[in-house]
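Working notes for the structure below.
Throughout, a chain's letter reflects where its sequence line sits, starting with A, and its residues are numbered from 1.
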Number of protein chains: 2
Amino acid sequence: MAYTYEYPRPALTVDCVIFGLDESHQLKVLLIQRKNDPFAGRWALPGGFVDMDESLEAAALRELEEETGVRDVFIEQLFTFGAPERDPRGRVVSVAYYALVNLSEHPVEAASDARRVEWFPVQELPPLAFDHDKILQMATNRLRAKVRYQPIGFELLPEQFTLSQLQQLYETVLGVDELNKRNFRTRILKMGVLREVGKQENVAHRPAKLYSFDKEAYEQLFRERYDDLLRRGVDFEI
Amino acid sequence: MAYTYEYPRPALTVDCVIFGLDESHQLKVLLIQRKNDPFAGRWALPGGFVDMDESLEAAALRELEEETGVRDVFIEQLFTFGAPERDPRGRVVSVAYYALVNLSEHPVEAASDARRVEWFPVQELPPLAFDHDKILQMATNRLRAKVRYQPIGFELLPEQFTLSQLQQLYETVLGVDELNKRNFRTRILKMGVLREVGKQENVAHRPAKLYSFDKEAYEQLFRERYDDLLRRGVDFEI
DNA sequence: TCAAAAGTGTTATCATTACACCCATGG
DNA sequence: CCATGGGTGTAATGATAACACTTTTGA
């Protein structure tokens, strides 16, 4: 069957940049190996064509699961890439999505067609197909910007976590050596979005307090913040 | 002539949300009146179909000029809207762009096909076609967020401007009553991105100092900021 | 008693807020 | 000399950064 239109149309695809944090606090990204030309054998972001009756987000989630087995992810739209020459096969416009997940909770599946799927450290990436390096670069920047004003990342930790774990997470996502322990703690506790829920047991050192993220407190805070911001006016801070 | 594809393809359009500031410090948005169904007679964002050999941004600028006569605008991508039912004619995915311009420097043209083009105050909008109210809402939010961390808006003022004018601008864009004069000034001057260039003449009150935006100083500042941010780590501020 | 990691005290400095007040000009 | 905006002083309070120190646990 074929589909005919009066005017030519670009093809429309979606691509997913899925960041994962592994046990050793490395930031990784999920890639698949292409089987077909163009770029056969190269690694690429999971993605594919949008069906006519699904939303863009649904398309991204569907392709992600089909190609990697990864599901139940909160993705957000990143940017739409539409340079005329970005795909050698012809005009293809791609809407990119991104997410940050707990790597250990999202095992990759050997996809049905035996395509390879792997997590790569963002520091040691293979050459990528199409303009996927550009997409990934933008996703990394966005993730780092976002981590500063939204409590992204709490989903990556166990339900209960220590402040050291949380600090580790921030250091990893921001790609920074070592944040000042004292100041990190003061800051994050002052926000009042963490609830103390117990302490570690059976560790060979002083047991750390365990916290969980208090979502309601956060949402409350967020609402208050908004009014503040308007009163302050200008900021010029990221 | 017709174009045939093996699989169906959504149509791809671009839409432009152009904000303008008028002389009386009102925030307005540029709309056109549709001639044809669906939504004939309704007001809508300027926009249209993407050609096969132009980038998305180029398509947005082309449609903007064709439909409104407005040109030489710095647009930025906002979001891509792709809900399956957003256009009654069928599947249409639209990449939205936005910009903020000095309204008086961008006169609208009676478009060749005599379609009406007008600036509407964002507070008093007519019903809009498609999901354009949603697009506009998102654009407004983005503009307000952006104005806090980027010196957007300086382009809207004359080359030389007073601090009161600048404050007015911020109040308008943020939709806020009155920022504290003292604090606004302290803050913005402390940044060091304004250069004093003279003073007003022939005004019936103490003449104000005139400033211009020091682009180099800003870019310098921006680079320094970035390192700082990494060291501070977590922020949770917008 | 030691290693390892958790957790705290403190201080100098800077930023923010809120108010009230003074200044220069043309009419 | 007054109306009209432009422009400044200041003090209380809170946030930030930097560094060194104490505590608690299992081995």
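The A:Arg185 side chain lies nearest to C:dT8 when the options are C:dG26, D:dG5, C:dT8. Out of C:dA6, D:dC19, D:dG7, the shortest distance to the side chain of A:Asn180 is found at D:dC19.
Computed from coordinates, the A:Glu201 CD to D:dG26 P distance equals 9 Å when rounded to whole Å. If you take CD of A:Gln168 and C1' of C:dA6, they are 14 Å apart, rounded to a whole angstrom. When rounded to the nearest whole Å, the span between CD of A:Gln200 and C1' of C:dA5 equals 9 Å. Between the P atom of D:dT4 and the NZ atom of B:Lys181 lies a distance of 14 Å, rounded to the nearest Å. Rounded to a whole Å, the CD1 atom of B:Ile188 is 15 Å from the P atom of D:dT8. Protein atom CZ of B:Phe184 is 17 Å distant from nucleotide atom C1' of C:dA15, rounded to whole Å. Rounded to an integer number of Å, the gap from B:Gln165 CD to D:dG6 C1' is 12 Å. One atom, CG of B:Leu179, and another, P of D:dG7, lie 17 Å apart when rounded to the nearest Å.
Using modelled atom types, no side-chain atom of B:Gln167 and backbone atom of B:Phe184 make a donor-acceptor pair closer than 3.5 Å. Between the side chain of A:Glu67 and the main chain of A:Leu64, no donor-acceptor pair closer than 3.5 Å is present.
Within the 4.5 Å cutoff, no side-chain heavy atoms of B:Asp22 are placed close to those of B:Trp119.
Ring centroid separation for the pair B:Tyr211 and B:Phe161 does not come in under the 6.0 Å cut-off. Taking the six-membered ring for Trp and the full ring otherwise, the centers of B:Tyr98 and B:Phe19 sit at least 6.0 Å from each other.
Put simply, A:Ser164 has no side-chain N or O that comes within less than 4.0 Å of OP1 or OP2 on C:dA5. For the pair B:Lys209 and D:dT8, the criterion of a side-chain N or O lying under 4.0 Å from OP1 or OP2 is met. Taking 4.0 angstrom as the limit, A:Lys199 places a side-chain polar atom (N or O) nearer than this to OP1 or OP2 of D:dT25.
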Using salt bridge (charged side-chain N to carboxylate O under 4.0 Å, His left out), reason through B:Arg116 and B:Glu118 one step at a time and then give a plain yes or no.
CA-CA 7 Å; B:Arg116 286 170 69 196; B:Glu118 266 175 49; 3.2 Å; yes

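By the 30° and 60° cut-offs, the orientation of the rings of B:Trp43 relative to B:Phe120 is perpendicular.
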Produce a footprint string for nucleotides 10-15 of chain D: one letter per nucleotide, 5' end first; B if the base is under 4.0 Å from any protein heavy atom, S if only the sugar-phosphate is, - if neither.
B-----

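Between A:Leu189 and A:Ala204, the one whose closest nucleotide on DNA chain C sits nearer the 5' end is A:Ala204. For the pair A:Thr186 and A:His205, both in contact range of DNA chain D, the more 5′-proximal nearest nucleotide belongs to A:Thr186.
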